[in-house]
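Note on naming: letters A, B, ... go to the chains in the order of the sequence lines (proteins, then strands), and numbering restarts at 1 for each one.
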Amino acid sequence: MRADLEIIQKWIKPGSRVLDLGCGDGSLLAYLRDNKHTIGIGLEIDNQKIDACLHKGIDVIQQDLNKGLGNFETHSFDTVLLTQTLQAVHYPDLLVEEMLRIGKNCIVTFPNFGNWKSRAYIAFKGRMPVSDFMPYQWYDTPNIHFCTVRDFDDFCRAKNIDVITRTVVDNKHRDSAIIRAFPNLLSEIAIYHFARGHQGGK
Amino acid sequence: MPDFLPEDSVGIVSPQRFHFDEPLTLRSGKVIKTYDLMVETYGELNADKSNAILICPALSGDHHAAGYHSMDDKKPGWWDVCIGPGKPIDTNHFFVISLNNLGGCAGSTGPASINPDTGTWYGPDFPVVTVRDWVNSQARLADRLGIQQWAAVIGGSLGGMQVMRWSISYPERVRHAIMLAVAPKLSAQNIAFNEVARQSITGDPDFHAGRYRDHGVIPKKGLMLARMVGHITYLSDSAMREKFGKATQEIKEASLNLGRDLRAGKLSFGFDVDFQVESYLHYQGERFSETFDANSYLLMTKALDYFDPSVDYDGDLSKAFAKSDCRFLLVSYSTDWRFPPERTQEIVTALLKAGKQVSYLDIEADEGHDAFLLPVPRYMQAMTTYLNRVKQEVAS
């Protein structure tokens, strides 16, 4: 199983309705359907990935996240997911607001640009980081809104968003005490489970 | 004429006539006492009758959707690209049923049939039939064949509207509803084009208030005009440029091909046909006027105009879908300006609002509204993938 699925699935209630924004080949929704009996719908724009969803029997809507989610009703889903896509959308703040409107709770994962490797890359090479994990050059990258764990924490505070759980892991989605101790420096992927007006939210 | 039948053809097929004696009450309140439906089937119905797919025809589509009636046929059925062994609607696995709807003119009871009350042909007295009436008659056909639930009901354009009606009127009888190039109801522009078509027909001096047969004529000119204007709305601007303009690659790349090829290589400086596009429309209109009944055409356009399943639900289409129990696949085509992608998306939005399971594809295609009838690779691929899942469901 994909390591991020392992983490995310714990936060999904069995039998709940799940909307996956930028659902890729549908493997997350398929996993949740098979193990959590969720009713899921994915949004995707890539033809081949859409075909992969249909092949798995995953419902998918061909829709560009940058053109809004006005076709989805308020609170029509239990959980709205956005995995590894936040940094690639035109207006991350508006999209997160829409997620909060549509879902009772939301899960976002993103690459942490505050990781020491990114910092060291810029500090020592003086260039935008290119790695196996993020293999794009600055001019052709789909990732136009990189942020750090600290940035996202600030964002949640400013937007009055309750973080239910924050998990920080390395690029293999491994968790460790040392990463938890220095999340912004050591984690490569941040996984946030959040809502607005959540009881017991931080 | 096919010299030999392609391997992925359903081959030589023959239509069957189903007679129904139970009166059918129409949405208008009128009653058709007895009626016939012309039907073709492809593939084999499995033991538990779970592999049946209904093909709902569009405006001019009839029961002959796939294969050939004889080796002398110039063309196969109207949706042969999609139906056959190994094709998206795979007749190795599915039992496919296609029909000519009531009011049509290809053998099912319609204006050209004999009215049992008068002993003469119905003509303009044939009642206005609606999409709902068609679906009710199709349900009786399913009963006759012992099919309790369709594995899928599939249709494009006016056919897609029948699919929508199936999912609303008979929720327990549909597993998958596949709608292509469809809108939840017509726009004023759509109705306007239909009205031009109707006026062309009824204004033809040979129309004789619909009783043209009594005079031994058909309103050929009117029907031709109706088809010409219809045909324009089925094609996209880009499809017409491509079709009626031979251009070099450079011209195409610069989007300078306007499709203005001349028929005779020079201007006539008269009012006869100068351009290829005119000649093509004349040919299409002419051919259509020889095969299609004018009264049927009027009825089909009215069925389109009247379609709006939200009327029974305070104008809220999502409420219409409240009881629907099937999964939905909707497909739109980028250059379709008759039912553009936004119109199909209205249905998707209503389905999402109703909390239904829906997939939607917005296919890049140059062919306009007609794209749903054509082998656009991306669309064929998606249909194949989706229906492969249906196949697995049926098999398990």
Side-chain angles (χ1 to χ4, degrees), chain A residues 15-27 29-30 32-34 36-81 98-99 101-104, chain B residues 88 152 175-178 180 184 316-319 321-322 325-334 341-365 376-396:
Chain A
S16 60
R17 286 176 58 78
V18 179
L19 177 65
D20 189 357
L21 307 176
C23 66
D25 66 4
S27 43
L29 285 173
L32 293 173
R33 174 194 61 195
D34 298 340
K36 292 271 181 167
H37 309 291
T38 54
I39 298 162
I41 289 186
L43 260 57
E44 183 52 62
I45 46 171
D46 181 85
N47 285 334
Q48 281 182 338
K49 288 175 182 167
I50 286 170
D51 214 60
C53 289
L54 295 179
H55 179 70
K56 292 185 178 79
I58 292 299
D59 278 314
V60 60
I61 310 252
Q62 187 153 29
Q63 186 170 338
D64 184 351
L65 296 180
N66 288 320
K67 291 185 179 162
L69 299 173
N71 51 335
F72 288 91
E73 292 279 295
T74 298
H75 287 166
S76 53
F77 285 84
D78 293 299
T79 304
V80 182
L81 293 159
E98 277 294 84
M99 290 175 71
R101 178 182 67 79
I102 296 161
K104 291 171 191 149
Chain B
R175 284 180 71 86
H176 292 267
I178 302 180
L180 316 164
D316 184 346
L317 185 62
S318 74
K319 286 187 192 157
F321 288 122
D325 198 25
C326 58
R327 295 181 76 156
F328 293 86
L329 171 66
L330 289 98
V331 182
S332 63
Y333 306 86
S334 55
E342 299 76 40
R343 301 302 320 280
T344 306
Q345 287 159 16
E346 289 172 31
I347 304 168
V348 175
T349 300
L351 287 166
L352 288 170
K353 188 176 173 192
K356 302 298 161 185
Q357 290 279 273
V358 52
S359 287
Y360 164 66
L361 277 84
D362 188 6
I363 302 283
E364 281 289 330
V376 179
R378 163 86 195 106
Y379 153 52
M380 288 291 116
Q381 175 63 42
M383 287 287 278
T384 302
T385 307
Y386 191 90
L387 286 164
N388 275 340
R389 286 291 299 194
V390 181
K391 245 184 240 177
Q392 289 168 19
E393 279 177 29
V394 167
S396 64

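- For A/Ile45, no part lies near chain B; criterion is any non-hydrogen pair under 4.5 Å.
- Each of B/Glu364, B/Glu393, B/Lys353 has some count of heavy-atom pairs under 4.5 Å with chain A, and the biggest count is that of B/Lys353.
- Between the side chains of B/Gln345 and A/Asn71, not a single donor N or O lies within less than 3.5 Å of an accepting N or O.
- We find the CD-CG distance between A/Gln63 and B/Asp362 to be 10.0 Å, quoted to the nearest 0.5 Å.
- For the atom pair CD1 of A/Ile39 and CD of B/Gln357, the computed distance is 6.0 Å after rounding to the nearest 0.5 Å.
- Only the side chain of A/Ile41 comes within less than 4.5 Å of a heavy atom of chain B; its backbone N, CA, C and O stay farther away.
- Closest approach of A/Asp59 to B/Phe328, counting heavy atoms only: OD1-O, 4.4 Å.
- Chain B forms the most heavy-atom pairs under 4.5 Å with one residue out of A/Ile50, A/Ile58, A/Asn47, and that residue is A/Asn47.
- When all heavy atoms of A/Arg33 and B/Arg389 are compared, the closest pair comes out as NH1-NH2, 4.0 Å.
- Counting heavy-atom neighbours within 6.0 Å of B/Gln392 CD, excluding the residue itself, gives a total above 12.
- Taking B/Val358, B/Val348, B/Leu361, B/Thr349 one by one and counting their heavy-atom pairs under 4.5 Å with chain A, the maximum is reached by B/Val358.
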